[in-house]
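Only a predicted model underlies this, so the values are computations on that prediction, with no experimental measurement involved. We use all heavy atoms of the structure for the numbers below, so side chains are in, but hydrogens, waters and symmetry mates are not.
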Amino acid sequence: MLSFFRRFINSRLGLIVTFAFLAIIAVAFALGDVTGLSSGTRVASGTGIARVGTADVSVDEVKRRTQDEMQNFRQRQPTLDIIQFVNGGGYDAALERLIDAVALGQFGQKVGMVVSKRAVDGQIASVPDLQGPDGKFSQAKYETLLSQRRITDAQIRADIVRSTLGQQLISPTEGAGQVPLNFASPYAALLLEKRAGLVGFVPTNAIGPGDRPTEAEVATYYKRNAARYTVPERRVIRYALVTPDRVKAAAMPTEAEIATAYKTQAARFAASEKRSLAQVVIGDKAGADALVAKIKGGAAIDVAARAAGLEAAMLKDLDKASYTAQTSAEIANAVFAAARGSIVGPIKSPLGWTIIRVDSVQQIAAKSLDQARADLTKEIGAQKLATMLTDLRDRIDDAIADNATFAEIVSDQKLQATSTVPIIADGRDPENSTVTPDPRLAQVVVAGFAAEQGDDPQLAPVGQDGSFAVVSLDRILPAAPPPLAKISNLVVRDFAISRALRKARAIAVDIVAKANKGVPLAQAVAQSPIKLPDIRPVASSRAQLAADTKGAPPPLVLLFSMAGKTAKLLEAPNQSGYYVIYLDQIERAGAVSNPQLLRAMRGDLSKVIGREFVRQFANAVQKDVGVKKNDAMIAQTRKELLGER
């Protein structure tokens, strides 16, 4: 998770999210939330989390930005919650992007850059969701949205100015891609570097469980590690399903409706004739006559057509009306008057001269009302069912527009209301892993998690048969750990593992200390108070690490960040123990004689050099305008977002 956010923060997309205001405002308005936009001179009221030049960045603004960005990420990862987002680096990234934007805006104004009122008007008017039925900007929509989101026109305009200045400042640098040979050479040489060493391992399970912890120890451990046991935000969603079964009885067609439909579609049920044809169109009369002569001489029409560089079209089961629509009345009359096997034409048509062979003739008897009844009953019933469902949906939609509550809609329409158990964003009940979410209710869950407390009911599609649901958010259960009594066995187990891990670390630290004093690693491991696995040799090159698509083993990665003839400690995944890594040999080589490697390195660096220049420029701008961060407030805000106090 952490690497995902880091990749995003340093990616081109991350820069665009930070500075490309057109994209930001379009998405923000489309989501119906522009509360993250603020004034250019004062970010928001409240206690400052940072001071950027003359502007205060408030706690409230950073919280809103963090929440908004989490919601955007949630579109790609529905199960993401605020705890995962913050722990993954999302909070730090949101804060840094906000500081960058404010600093760049102030710097742009400081050096005399200007954004005209006309340019600001154009950006606002270009937002699709602010356009009326005529496709033009709607001032009424704009003012309504400002009122709903409690933000002023001045704040929007100031933020557009600030963000536009930032984009103008970084655009020339962002696309940089030239990398000098001397700049790429040291990086290329790193790929040729080879290292070898030894790895020992102190496993947690070699320590043993130890004594059962006291209640006080368990309670203290639980309090310190509350985030580990925190259940993501859950919601109880009320919904009422409306399916075709609700109107099925009323949608049954009457005898009068069936009779009327039979009469209206008389041509459909009258006796008819269908024919299958082979048809060729040729550009000139002489060529058409020659082709007809070949066919009448015994050549198959498709073979004769291919010999002339053409392809015969095979037309299956056409009635006269359909064929007339494709060709002309003259050609259709001639074809439907000809006997089976006849060659018709050439006849002049808009595309040339048409030659037709009649392959088959099918006579279809007329259908009486009784014979057509089954088809008409099904068709009329389906039409009435769709219409009645649509009418019912429209009535409910109108009721929502008139501020009807969920309870009122359910009562008025005689619906059956249901409530979910507390579920997370993907529809699962975290307290009952044996029950899988109903896929039909996926959009109900999406609607429930998109709503805020007190919002109007929503309509959500359910299935492919026209079914829908009236959805209302009942209540929100904030992310929080369950009571200790409920998970005491789990906490006791985790406490024992944590205690064993600390003991394993102490043993590993002792081994590292001895190895760094010159004791051979094998000897230091053998002196451990518990029996440990044998050490093993490791060796690799940086190029091999980079080529590993699955990710190189952590001990090998650490090997390439160590000084020679030293040992270091590394925690193994899943609290399984500690590695002790000793770097024995380093073999370096130059890249000057490897032009292919140099070209590849220059290409790789060209993809990131622009981002690095932008980052360095943003750092210089922050230094120029002056940035002071309130570390205590930053830490406190992080705790509040995590639900800690």
Side-chain angles (χ1 to χ4, degrees), residues 12-40 43-44 61 64-65 67-76 97-98 101 105 108 113-168 170-171 390-391 393-404 443 446-452 454-461 468 470-471:
R12 181 180 177 84
L13 177 61
L15 292 171
I16 293 174
V17 167
T18 307
F19 301 113
F21 180 79
L22 280 175
I24 295 175
I25 194 171
V27 172
F29 274 118
L31 293 174
D33 187 355
V34 291
T35 56
L37 304 178
S38 55
S39 69
V43 178
E61 176 63 8
R64 280 196 297 269
R65 288 292 177 109
Q67 292 281 358
D68 289 345
E69 292 192 17
M70 184 203 71
Q71 292 299 332
N72 288 336
F73 276 107
R74 212 179 219 174
Q75 302 301 314
R76 286 168 284 176
R97 281 194 287 271
L98 182 56
M113 296 176 67
V114 176
V115 180
S116 69
K117 179 180 182 299
R118 185 174 180 180
V120 175
D121 290 342
Q123 291 194 26
I124 295 175
S126 66
V127 177
D129 280 10
L130 294 181
Q131 295 174 0
D134 58 356
K136 298 180 180 179
F137 172 74
S138 170
Q139 182 67 26
K141 277 191 172 184
Y142 180 54
E143 291 176 357
T144 299
L145 192 57
L146 292 178
S147 175
Q148 289 175 346
R149 298 301 164 184
R150 297 181 179 88
I151 192 168
T152 67
D153 175 68
Q155 288 176 309
I156 287 287
R157 290 177 177 277
D159 203 60
I160 291 176
V161 170
R162 185 183 70 190
S163 301
T164 303
L165 291 175
Q167 181 63 26
Q168 291 173 349
I170 70 164
S171 291
T390 300
D391 290 344
R393 183 186 180 100
D394 289 345
R395 290 199 301 273
I396 295 174
D397 203 20
D398 290 342
I400 293 173
D402 291 337
N403 296 320
Q443 291 303 313
V446 170
F449 272 84
E452 297 296 337
D455 281 359
D456 292 336
Q458 303 177 59
L459 297 180
F468 63 93
V470 186
V471 184

> Looking at residues at least two apart in the chain, or sitting in another chain, which of them share a side-chain contact (heavy atoms from CB on, under 4.5 Å) with Asp397?
Replying inline: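 Checked Asp397 against side-chain contact (heavy atoms from CB on, under 4.5 Å); matches are Leu459.
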> Listed by chain and number, what are the side-chain hydrogen bond (donor to acceptor under 3.5 Å, both in side chains) partners of Thr390, not counting sequence neighbours?
Replying inline: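 Partners of Thr390 under the side-chain hydrogen bond (donor to acceptor under 3.5 Å, both in side chains) test: none.
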>> If you compare all heavy atoms of Ala460 against all heavy atoms of Ala447, which two are closest, and at what distance to 0.1 Å?
In response: CB-CB, 4.4 Å
> To the nearest 0.5 Å, how far apart are CD in Glu69 and CD in Gln71?
Replying inline: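 Output value for this atom pair is 11.5 Å.
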> Is any NZ, NE, NH1 or NH2 atom of the basic residue among Glu61 and Arg65 found under 4.0 Å from an Asp or Glu carboxylate oxygen of the other?
Replying inline: yes
> Checking side-chain contact (heavy atoms from CB on, under 4.5 Å) against Gln139, which of Lys136, Glu143, Lys141 comes through?
Replying inline: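 Of Lys136, Glu143, Lys141, side-chain contact (heavy atoms from CB on, under 4.5 Å) with Gln139 is met by Glu143 alone.
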> Can you name the residues that form a side-chain contact (heavy atoms from CB on, under 4.5 Å) with Val446, not counting sequence neighbours?
Replying inline: Gln443
>> Holding to side-chain contact (heavy atoms from CB on, under 4.5 Å), I want the full list of residues that pass it with Lys117, two or more places apart in sequence or in another chain.
In response: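 Asp121, Arg157.
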> For Ala125, which residues count as a side-chain contact (heavy atoms from CB on, under 4.5 Å) partner, sequence neighbours excluded?
Replying inline: Phe137
>> Ignoring hydrogens, what is the shortest heavy-atom contact between Val120 and Val161? Give both atom names and the distance.
In response: CG2-CG2, 3.9 Å
> Which pair of non-hydrogen atoms, one from Gly105 and one from Leu165, has the smallest distance, and what is that distance?
Replying inline: O-CD1, 3.5 Å
> Of all residues at least two apart in sequence or in a different chain, which pass the side-chain hydrogen bond (donor to acceptor under 3.5 Å, both in side chains) check with Gln168?
Replying inline: none
> When rounded to the nearest 0.5 angstrom, what distance separates CD1 in Ile156 from CD1 in Ile124?
Replying inline: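 So the gap between those two atoms works out to 6.5 Å.
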